[in-house]
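In the text below, chain A, chain B and the rest are named by the order of the sequence lines, each starting its count at 1. This structure is a prediction, so every number in the text was calculated from the model and none was measured.
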Amino acid sequence: MKAEPLHYLTNKHGEVRIDRFVTVAAWSFGALGLCLPLSIVGFLFARGVEVISWEFLTTAPGGLPLGVAGGIMPAIQGSLELVGLGLLFALPLGIGGAIYLSEYCTSQALLKVTRFVTECLAGIPAIVYGLFGYSFLVVAINLKASLLAGSITLGFVMFPLVLIGSHESMRSVNWVYRESALALGVSRSYMVRRVVLKQTWPSIMAITLLAAGHAVGSASPVLYTASIIYSRGGLDLNAPVMTLPTHLYYLVSEAISFEHAYGTALVLTMGLLLLNFTGRYLRRLSGKYGV
Amino acid sequence: MDSIIPVIARWPKDVFRRLYQYFNSIKYASQNPLYLGDKVLWSVSCTALVLGMGTFLFLAVFIVREAYPALAQGEGLIAFLFLDSWSPLATPASFGILHAWIGSLSIAFICLSISIPIAFGLAVFIAEIAPDLMRTVLQPCLDLLAGIPAVVYGFVGYVTLVPWCERIFGMATGESIVVAAIMLAVMALPFITSTSVEAFRAVPRDLKEAVLAQGVTRWYLIRRVVVAKASSGMFAGVALGLARAIGETLAVTMLAGNSIAVPRSLLSRGQPIPSLIITELGEAGVGSPKYHALFASGLLLMLVIVILNSLVWKLRKRFVYEG
């Protein structure tokens, strides 16, 4: 299958030469793919690590203009609150819809239409959801820029991702398991609980984490629906909150403090990487058990 | 004998109860506690689906309804897309998004022409050439690249690419279409790569080995068999990357310069559609012409995504059925 190494290197035949060149080129693409992410994260780390301290993580921003001193605690808190509340909307609807599609839906047309629409929804830019959230939730039904409006908007962002992901994992459960369970005379709901959900919960968790990570990182839906330059933290549905991405955006676009921007970016990136890698680990774990 | 009397006396009642239960369980299977949970789960999951999809149907209708006035007045769609300029402060204020869609289109074009060659090269490397060790290192690296949020990309571009651009081209401000496109190319790279790697992996192994057994080189195999077989998957990856590049908001807003002039060259500042929306949304009074124009541009974004997605849908079907 492979040529002798020496023969391969000394061969002057055109095709082999090109192949050698392509191999080198592919390795350099590989090196680029390795260096690019590592250099971005390394750059953030090198600049941001001295900003991060216990005080930076646990105090509210201060100084004048706001943000040159203090920390980012309310932003971390606000981001977590927004996504947590958003999951309260997105998770039941997404998983419920996925259960209906994979277990009860008998019409192929309905299945196809729903999947197509959901995939479009997952691809629609977050700014469109921000536009809708601002004009409908914030202005039309008068929620004001608040935690509630922002979390519903983030729910819009997460719902299609959760639905698609959990439907895919439920669909990949082997039909033999389902039919053996049903042949024993148990009800469908029992089968869903004890066979389907039992096999797919790691990948549903994984999807949830990945969707949450996506939502934490996106600033455009919350910029006008929930965020504010300064808040003291705390959980109030009707009050606007600070979030990490919008805080970073304010710090950079108003040129307030690049030092703190590095710190915020590093915290945001590290948090998201943790979420993403946990999600991917869970997904691989579920892959190991045959789902 | 005496023990049978009470049995007989009880008999009709028992039988009737049994029969009643039996017919009842057939007639109302759902009243059986075993099937009750089934009914509950059915109705709950159906409600969830209807509620979820209904919300998004409402969203679509709302956006179309709010976009309609901007498209219906005056010259309509043609004026909105080609004739008018974005001049909210002029005396007859006009809201055309010529500059925005030209900006979006040029950024997407440069972004793809940078990221497609790199992504395909990387995908070929991961799927066909890399040894296992390299593969296990590269895959998390791509996940890392995909996991970094857009604002952070915008920030990194703002502190690295923008000053470099100022130094190299001697510009007053480095924020330009080309900078935004380079950063977007980095962001789209993991999506195109992982979709293409999936497509390459789906090429049957026996096919590859049959070709290699003919004594051809690996490049020949990649060129004539793997890429040919996986081409629809690769196109799907490009469409996904394009969808991402068109919808990206904050990173582009931070890097492209946000100027409402129609971009003349790659180094000029621009304002793609998402940046237009996020910049102007805060100052648009509800019901004003500007508000409707923003909704019309949001609708345009949605339409582009739906078209790209139906392309992906079609390609994926072919790609799945061919194996």
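- In terms of heavy-atom pairs under 4.5 Å with chain A, the best-connected choice from B:Ala243, B:Gly52, B:Gly154 is B:Gly52.
- Of all the listed residues (B:Pro140, B:Gly215, B:Ala119), the one sharing the greatest number of non-hydrogen pairs under 4.5 Å with chain A is B:Pro140.
- Of the two parts of B:Thr55, only the side chain, counted from C-beta on, holds a non-hydrogen atom closer than 4.5 Å to a non-hydrogen atom of chain A.
- In this structure, B:Leu250 and A:Ser220 approach most closely via the heavy-atom pair CD1-N, 4.1 Å.
- Comparing B:Ile148, B:Leu301, B:Asp143 by how many heavy-atom pairs each has under 4.5 Å with chain A, the most go to B:Asp143.
- Between A:Tyr262 and B:Phe155, the angle of the ring planes goes over 60°, which puts this pair in the perpendicular group of the 30/60° scheme.
- Using a 4.5 Å cut-off between heavy atoms, A:Ile40 contacts chain B through its side chain alone, with no backbone atom that close.
- Only the side chain of A:Phe43 comes within contact range of chain B, with at least one heavy atom under 4.5 Å from a heavy atom of that chain.
- Between B:Gln271 atom CD and B:Ser104 atom OG the span is 9.5 Å, to the nearest 0.5 Å.
- Considering only heavy atoms from C-beta on, A:Leu209 stays 4.5 Å or farther from A:Asn276 through its side chain.
- With a 4.5 Å cut-off on non-hydrogen atoms, A:Ser253 does not touch chain B at all.
- Among B:Ile118, B:Val156, B:Ile246, the residue making the largest number of heavy-atom pairs under 4.5 Å with chain A is B:Ile118.
- With sequence neighbours left out, the ring pair (Phe, Tyr, Trp, His ring centres under 6.0 Å) criterion links B:Tyr153 to no other residue.
- One distance of note links CG of A:Leu161 with CD1 of A:Ile164; it measures 6.5 Å at 0.5 Å rounding.
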Using distance only, find each side-chain donor-acceptor pair of residues 264-271 of chain A under 3.5 Å and give its atom names and separation, not counting sequence neighbours.
residue: A:Thr264; atom: OG1; partner: A:His260; partner atom: O; Å: 2.7
residue: A:Thr269; atom: OG1; partner: A:Ala265; partner atom: O; Å: 2.6

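- Both the backbone and the side chain of B:Ile278 come within contact range of chain A, each with at least one heavy atom under 4.5 Å from a heavy atom of that chain.
- With a threshold of 4.5 angstrom between heavy atoms, B:Val124 does not approach chain A through any atom at all.
- With a 4.5 Å cut-off on non-hydrogen atoms, A:Phe89 does not touch chain B at all.
- Proximity to chain A is limited to the side chain of B:Ile129, based on heavy atoms less than 4.5 angstrom apart.
- Here A:Phe136 and B:Phe62 bring their ring centres to under 6.0 angstrom of each other.
- For residues 92-101 of chain A, the interface with chain B (any heavy-atom pair closer than 4.5 Å) comprises A:Pro92, A:Leu93, A:Gly96, A:Gly97, A:Ile99, A:Tyr100, A:Leu101, sorted by residue number.
- Environment of CD in A:Glu259: sparse, with no more than 12 heavy atoms of neighbouring residues, nucleotides or ligands closer than 6.0 Å.
- Looking at A:Val216, neither its backbone nor its side chain comes within 4.5 Å of chain B, counting heavy atoms on both sides.
- Of the two parts of B:Tyr220, the backbone and the side chain both hold a non-hydrogen atom closer than 4.5 Å to a non-hydrogen atom of chain A.
- In this structure, the portion of B:Leu189 lying under 4.5 Å from any heavy atom of chain A is its side chain and not its backbone.
- Proximity to chain A is limited to the side chain of B:Tyr291, based on heavy atoms less than 4.5 angstrom apart.
- Interatomic distance, A:Glu103 CD to B:Trp42 CH2, rounded to the nearest 0.5 Å: 14.5 Å.
- Contact tally against chain A (heavy-atom pairs below 4.5 Å) for B:Leu51, B:Leu281, B:Val159: the top residue is B:Leu281.
- Outside the 6.0 Å centre-distance limit, the rings of B:Phe120 and A:Phe29 are not counted as a close aromatic pair.
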Contacts table for residues 113-124 of chain A: side-chain donor-acceptor under 3.5 angstrom, sequence neighbours left out:
residue: A:Thr114; atom: OG1; partner: A:Leu110; partner atom: O; Å: 2.4
residue: A:Arg115; atom: NE; partner: A:Glu119; partner atom: OE2; Å: 3.3
residue: A:Arg115; atom: NH1; partner: A:His167; partner atom: ND1; Å: 2.9
residue: A:Arg115; atom: NH1; partner: A:Glu168; partner atom: OE2; Å: 2.8
residue: A:Arg115; atom: NH2; partner: A:Glu119; partner atom: OE2; Å: 2.7
residue: A:Arg115; atom: NH2; partner: A:Glu168; partner atom: OE2; Å: 3.1
residue: A:Thr118; atom: OG1; partner: A:Thr114; partner atom: O; Å: 2.2
residue: A:Glu119; atom: OE1; partner: B:Arg316; partner atom: NH2; Å: 3.0

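- With respect to chain A, the highest number of heavy-atom pairs below 4.5 Å among B:Leu144, B:Leu145, B:Leu57 belongs to B:Leu144.
- Among the candidates A:Ser135, A:Gly130, A:Ala140, A:Ala90, the residue making the largest number of heavy-atom pairs closer than 4.5 Å to chain B is A:Ser135.
- Checking each of B:Thr249, B:Thr253, B:Asn258 against B:Ser275 for a side chain to side chain donor-acceptor pair (under 3.5 Å) leaves exactly one that passes, namely B:Thr253.
- Distance check, rounded to the nearest 0.5 Å: CZ of A:Phe132 to CZ of B:Phe58 gives 5.0 Å.
- At a threshold of 4.5 Å between non-hydrogen side-chain atoms, the residues B:Lys208 and B:Glu128 count as touching.
- Both the backbone and the side chain of B:Val306 come within contact range of chain A, with heavy atoms under 4.5 Å apart.
- For a residue to count as touching a neighbouring chain, one of its non-hydrogen atoms must lie under 4.5 Å from one of that chain's; by this rule B:Pro190 does not touch chain A.
- One N or O on the side chain of A:Ser79 and one on the backbone of A:Leu244 form a donor-acceptor pair closer than 3.5 Å.
- A:Tyr129 touches chain B through its side chain: at least one heavy atom from C-beta onward sits under 4.5 Å away, while N, CA, C and O do not.
- The main-chain N or O of B:Glu66 is found under 3.5 Å from a side-chain atom of B:His292 such that the two form a donor-acceptor pair.
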